[in-house]
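Sequential numbering from 1 along the given sequence is applied to the chain's residues.
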Amino acid sequence: MCLAKAYLGEAEGNDFILEDIVRLSIEGNKLHLATLFGEHKDIEGIVKEVDFHNSRIIIEPGLKK
């Protein structure tokens with residue numbers, strides 16, 4: 001089973017957020033990530049890319065006011 005990993009900005013950087021993601025829901029500019037093991041994380045930003053082949057989600061950080 002290939003579950004997604006989420007990265008903030010670029011996948012090659014050190015901005016790893018979460019792995020084993022089974023659900024991503026979007027509410028405005030807030031992203032709700034949930035893992036296979038019940039861990040949850042909320043992040044402000046937008047989905048920049050979903051790469052199904054490499055099982056990764058790239059998130060662009062939200063703008064700070």
Test of understanding: with side chain to side chain contact (heavy atoms under 4.5 Å, CB included), list the residues that count as partners of F37, not counting sequence neighbours.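 D20, T35.
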So, taking the atom named [atom1] in [X] and the one named [atom2] in [Y], what distance separates them when rounded to the nearest 0.5 Å?
X: L18; Y: K5; atom1: CG; atom2: NZ; value: 11.0 Å
X: Y7; Y: I17; atom1: OH; atom2: CD1; value: 10.0 Å
X: E60; Y: N29; atom1: CD; atom2: CG; value: 11.5 Å
X: L33; Y: R23; atom1: CG; atom2: CZ; value: 11.0 Å

Are I46 and I21 linked, directly or through intermediate hydrophobic residues, by side-chain heavy-atom contacts shorter than 4.5 Å (ILVMFWY only)? no
Would you name the heavy atoms of L3 and S55 that are closest together and state the gap between them? O-CB, 3.6 Å
Give me the atom names and distance for the closest heavy-atom approach of G9 to P61.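 Closest pair (atom of G9, atom of P61, distance): N-CD, 4.4 Å.
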